[in-house]
Amino acid sequence: MDQSDDQLHAMRHSLAHIMANAIQTRWPEAKFGVGPVIENGFYYDIDLGDNTLSENDLKQIEVIMAGIIKADEPFELIEMAIDEAVEWAKQNNQPYKLELLNDLKERGTTSIDKQELKEEVFQIDKDKAAKTVTFYRNGDFTDLCKGPHLKSTGMVGSFKLTKTSGAYWRGKDTNPQMQRIYGIAFSSKEELEKHLEMIEESKKRDHRKLGQALDLFVFSDLVGSGLPLYTPRGTVLIEELKTALRDMSKDYDIQLVSIPHMAKLDLYKMSGHAEKFADELFYVKSHYAQEFVLKPVNCPHHIQIYSSRPRSYRDLPIRYFEQTMQYRDEKPGQIGGLQRTRGFTVDDGHTFCTTDQIKQEVEVLVKIVKQFYEGLGLWGKHWVSLSVRDNATPEKYIGEPQDWDKAESMLTKISDKLKLDAKRMEGEAALYGPKLDFMFKDALGRETQLATIQLDFAMPKRFGLNYIDQTGKEQVPVMIHRAILGSFERFMMLLIEHFAGNFPVWLAPEQVRLITVNQEDKTTHFAEKIGKKAKELGVRTSIDNSNESVGKKIRNSELLKIPYTLIIGDKEISSGEFTPRIRNDLKVNSEDHQYNIDELLKTIANESKSRVLHSSL
RNA sequence: GCCGAAGUAGCUCAGCGGUAGAGCACAUCCAUGGUAAGGAUGGGGUCACGAGUUCAAAUCUCGUCUUCGGCUCCA
């Protein structure tokens, strides 16, 4: 942090206090939680009893805040003995602050474990903590706080309260829910406006908006929430991605398998998923005795294929791969666009190998991930999570501790060697083992996991898998679960937002649009002839022969972000030469070029076949 | 699931107790057009669904479904 960052931090933190001050003015009975600085701003969690907040309240609060800022009162540091502070919290009826103070008194920190309270707001040096804490006073408002603050309220820059929400005290859903108010703040009005503009711009890239505008997918109340329906255009995208992945897997001796979408509940009882996904299973009733569920994962099925016959060390590694849908009954509040759906298609793969082969297998998978994302210009837009278990909650995992230790240390070594710059995330592991997760951000800055590589010593043991080694003895294989693009739904979301709908030619649902200048027969016939040629070359084309002005038809083509638009009139019919309208982002330079139609279509065909993924091989 | 907001034509939205509106899209006709919206006419809505209040409900109240912003959880 340089000095200006410090200053910005202090300013945002001071604004959190000013906001709390304003709220205390408006609702004197308010009980305060925590009010940390976050990216671009701050928030404060407040218990307002039965009162709830609406947009109008935010405006009111802003007005009161403006008054406090105008008064320009200083922030005054008060040091208090811990017991005195506890007394203060009791007197002022601040139960949440009291809880924090008691934690400080006992442990010198307010955080219970890493899961909770990720933002350390007022952590204090452990030796000192038990004895004294610091408060900041501003006008009539005093708050437990480690600081730092600005000298006075008049020094804050520009801010805006943006949204309210419920938030559980200390992030635990069994705790009471408080009201959280978010604000953004910058040192100048210009920066604030720039940021607001940027948010507006990002919203235009939102996959839900573009999905509608570009006619890629829809939802239906009758089909149900979280169940996307892909239109022909959207399906082209999905199918192109599927083909790209299948082509890639051929290069790495990965075998395609295929499984049904449901199975007996017993299968998931054995795998441990029945317990883990207890609330998320879709049950399927049979007329006969058995109980089925829609598959929430694919690994137990792939395991059944592995175990269907004896395996030798000579067979390993065995790599299964499949693109299939899985189903999870997500809670209503979690579903949104393609970010979280109740049915989603995964590119799921499972490698069965010996312990000695792990390193090589994981390295190859990382290579594939890198190749895939690099090809789309997404590599570098991610961070890697080395997701390990949380020792405090062993009940969340299956398998033996020594296997976990081994798996975690192996994965750490591999990730270090490959310089993935992975961040160790405790408690983020899968049910059966640690994993490398590749995290990306959507248009609105929300994080989402796409690619994942997971090491699993537990599941093979549970299912009694084995292979015969060189000495004729039975050994337990290791399983590597992996997904390159994660789910096609999430990946579509990322693609749409990353390209803002301007897909590379190979992915574009429609690659060339032919626009006729008039409705004369010779024009129509010529357009149809070109359309046929394009189709033969595998170029996705459509003809707009509608009764509209040329300008209008061009506009429609542009709005659909079609890479190439060809205007067909007398000039083109007689010369056979075209000056294609090329989508802005694809133009090499701003000059227009004339092409012979055959030459042009061949160029486009090549472009659409050269899936970026292969060019980097 | 929890806290809040919202559902009016295919889309974007106005109307907010007294017979349902606009622009775009769609259809028909006129214009035969040259690189981002030519003109005219027309069709289309149980105002998400179900109860209630009222002489009268798109409008007020409650419930259900769906969507959105967060929280929690997750691919």
Side-chain angles (χ1 to χ4, degrees), chain A residues 43 45 47-48 51-58 115-116 162-182 203 206 208-209 212-213 215 218-226 276-277 279-280 296-298 326 328-341 343-348 428 430 435 437-440 444 446-452 454 481 483 485-491 493 515-520 523 546-559 565-572 579-582 584 592:
Chain A
Y43 70 75
D45 284 347
D47 184 346
L48 291 169
N51 294 310
T52 54
L53 292 167
S54 69
E55 296 292 311
N56 279 337
D57 293 316
L58 291 190
Q115 293 293 314
E116 294 180 48
T162 49
K163 55 197 172 193
T164 65
S165 100
Y168 300 106
W169 169 238
R170 296 196 143 181
K172 250 200 151 129
D173 59 6
T174 46
N175 281 342
Q177 194 161 35
M178 311 177 75
Q179 310 268 328
R180 177 172 297 177
I181 306 175
Y182 286 94
K203 279 185 186 162
D206 190 318
R208 290 166 298 197
K209 272 201 179 140
Q212 151 90 299
D215 191 21
V218 294
F219 289 93
S220 147
D221 278 10
L222 276 174
V223 173
S225 98
K276 161 124 177 164
F277 288 105
D279 299 332
E280 287 155 48
V297 292
N298 306 300
Q326 49 193 54
R328 295 182 191 174
D329 193 8
E330 299 288 350
K331 293 168 194 153
Q334 331 280 33
I335 294 165
L338 296 180
Q339 141 71 22
R340 184 92 66 97
T341 58
F344 56 100
T345 311
V346 289
D347 65 311
D348 204 2
E428 297 292 321
K435 49 185 183 148
D437 293 321
F438 295 75
M439 312 295 293
F440 291 81
L444 298 172
R446 293 174 293 205
E447 285 201 337
T448 199
Q449 177 198 318
L450 293 175
T452 182
Q454 319 178 339
H481 309 239
L485 55 66
S487 86
F488 285 80
E489 284 69 21
R490 277 193 184 169
F491 196 78
M493 168 186 90
I515 290 177
T516 55
V517 166
N518 56 44
Q519 267 76 52
E520 286 167 22
T523 317
S546 64
N547 203 358
E548 294 289 350
S549 65
V550 176
K552 180 64 163 289
K553 293 200 258 190
I554 288 169
R555 179 179 147 82
N556 287 340
S557 181
E558 292 277 340
L559 288 175
T565 306
L566 267 51
I567 316 293
I568 300 170
D570 290 343
K571 236 167 40 189
E572 288 76 15
T579 306
R581 224 186 132 90
I582 304 173
N584 274 334
D592 287 334

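Convention: sequence-line order gives letters A, B, ...; per-chain numbering from 1.
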Side chain of A:Gln334 (C-beta onward), nearest among B:U72, B:A37, B:G38: B:U72
Pairwise P distance for B:C16 and B:G70, with rounding to whole Å: 31 Å
Sugar-phosphate, base or nothing in reach of A:Asn518, heavy atoms under 4.0 Å: base
Any N/O donor-acceptor pair, A:Arg170 side-chain to B:C71 base, under 3.5 Å: no
Among B:U66, B:C11, B:C73, the nucleotide that comes nearest once only the side chain of A:Asp221 is considered: B:U66
Sugar-phosphate, base or nothing in reach of A:Gly569, heavy atoms under 4.0 Å: base
Residues in side chain to side chain contact (heavy atoms under 4.5 Å, CB included) contact with A:Phe219, at least two apart in sequence or another chain: A:Phe217, A:Pro228, A:Leu338
Sugar-phosphate, base or nothing in reach of A:Thr565, heavy atoms under 4.0 Å: nothing
With A:Tyr182 via ring-ring contact (aromatic ring centres under 6.0 Å, His included) - residues at least two apart: A:Tyr43
Side chain to side chain donor-acceptor pair (under 3.5 Å) assessment of A:Thr452 paired with A:Gln454: CA-CA 6 Å; A:Thr452 182; A:Gln454 319 178 339; 3.1 Å; yes
Closest listed nucleotide, where the reference is the side chain of A:Lys552 and the choices are B:A25, B:C73, B:G70: B:A25
Between B:C73 (P) and A:Glu447 (CD): distance, integer Å: 15 Å
Short side-chain N/O contact from A:Ser487 to OP1 or OP2 of B:A75, under 4.0 Å: no
Euclidean distance for C1', B:G4 against B:A57 (whole angstrom): 26 Å
Whole-angstrom distance between B:C47 and B:G15, as gauged at atom C1': 11 Å
N or O in side chain of A:Lys163 less than 4.0 angstrom from B:C71 OP1/OP2: no
Exercise: do A:Gln179 and A:Asp47 side chains pair donor with acceptor under 3.5 Å: no
A:Arg340 bridged to A:Glu330 by N-O distance under 4.0 Å: yes
From B:U12, B:G38, B:C71, nucleotide with atom closest to A:Gln212 side chain: B:U12
Any side-chain heavy-atom pair of A:Phe277 and A:Arg328 under 4.5 Å: yes
Rounded interatomic separation in angstrom, taking CD from A:Gln339 and P from B:G70: 11 Å
Rounded P spacing from B:G43 to B:A36 in Å: 34 Å
Chi angles and distances behind the side chain to side chain contact (heavy atoms under 4.5 Å, CB included) call for A:Tyr168, A:Asp173: CA-CA 6 Å; A:Tyr168 300 106; A:Asp173 59 6; 3.8 Å; yes
Proximal nucleotide (of B:U35, B:U12, B:C74) relative to the A:Ile554 side chain: B:U35
Face-to-face stacking of A:Tyr182 with B:G70, centres under 5.5 angstrom, angle under 30°: no
Euclidean distance, atom CG of residue A:Leu559 to atom P of B:A25 [Å, nearest integer]: 10 Å
Proximity to the side chain of A:Ser165 - top-ranked nucleotide from B:A36, B:G70, B:U32: B:G70
Which residue lies more 5' along RNA chain B, comparing A:Thr579 with A:Ile335 via nearest heavy atoms: A:Thr579
Sugar-phosphate only, base, or nothing, as touched by A:Glu489 at under 4.0 Å among non-hydrogen atoms: nothing
Watson-Crick or G-U wobble mate for B:G17, both contacts under 3.5 Å: none
Identified pairing partner of B:C68, criterion: Watson-Crick or G-U wobble below 3.5 Å: B:G4
Contact nearer the 5' end of RNA chain B, comparing A:Gln454 with A:Ser225: A:Ser225
B:U28 versus B:U67 - spacing of their C1' atoms, nearest Å: 36 Å
Touch class at under 4.0 angstrom, heavy-atom based, for A:Asn547 against every strand present: base
Whole-angstrom distance between B:G10 and B:A48, as gauged at atom P: 12 Å
P-based separation of B:U8 from B:G50 [nearest Å]: 16 Å
Donor/acceptor link under 3.5 angstrom from A:Arg340 side chain onto base of B:C74: yes
Charged N-O contact under 4.0 Å between A:Arg581 and A:Glu558: yes
Test item: A:Gln519 side-chain N/O and A:Ser546 main-chain N/O as donor-acceptor pair under 3.5 Å: yes
B:A22 - base-pair partner by Watson-Crick or wobble geometry, distances under 3.5 Å: B:U12
Polar pair under 3.5 Å, donor/acceptor by atom type, side chain A:Arg208, base B:C68: no
Between B:U72 (C1') and A:Asp279 (CG): distance, integer Å: 13 Å
Rounded interatomic separation in angstrom, taking CD1 from A:Ile582 and P from B:U35: 17 Å
Sugar-phosphate, base or nothing in reach of A:Asp570, heavy atoms under 4.0 Å: base
Under 3.5 Å donor-acceptor pair, A:Glu572 side-chain atoms to B:G34 base atoms: yes
Atom-pair distance (NZ on A:Lys203; P on B:U12), nearest Å: 15 Å
For atom CG of A:Leu222 and atom P of B:U67, their distance in whole Å: 13 Å
Touch class at under 4.0 angstrom, heavy-atom based, for A:Val550 against every strand present: sugar-phosphate
Pair assignment for B:A27, Watson-Crick or G-U wobble, requiring both distances under 3.5 Å: B:U41
Sugar-phosphate only, base, or nothing, as touched by A:Gln449 at under 4.0 Å among non-hydrogen atoms: sugar-phosphate
Short side-chain N/O contact to B:A37 OP1/OP2 from A:Lys553, under 4.0 Å: no
Pairing partner (Watson-Crick or G-U wobble, both distances under 3.5 angstrom) of B:C49: B:G63
Touch class at under 4.0 angstrom, heavy-atom based, for A:Lys209 against every strand present: nothing
Step-by-step side chain to side chain donor-acceptor pair (under 3.5 Å) determination, A:Lys553 to A:Thr516: CA-CA 9 Å; A:Lys553 293 200 258 190; A:Thr516 55; 3.3 Å; yes
Sugar-phosphate, base or nothing in reach of A:Gly343, heavy atoms under 4.0 Å: nothing
Residue-phosphate contact under 4.0 Å: A:Arg581 side-chain N/O, B:A36 OP1/OP2: yes
d(CD, A:Glu280; C1', B:A75) in whole Å: 11 Å
Listed nucleotide nearest any side-chain atom of A:Tyr168, set B:U32, B:C71, B:U35: B:C71
Sugar-phosphate only, base, or nothing, as touched by A:Glu330 at under 4.0 Å among non-hydrogen atoms: base
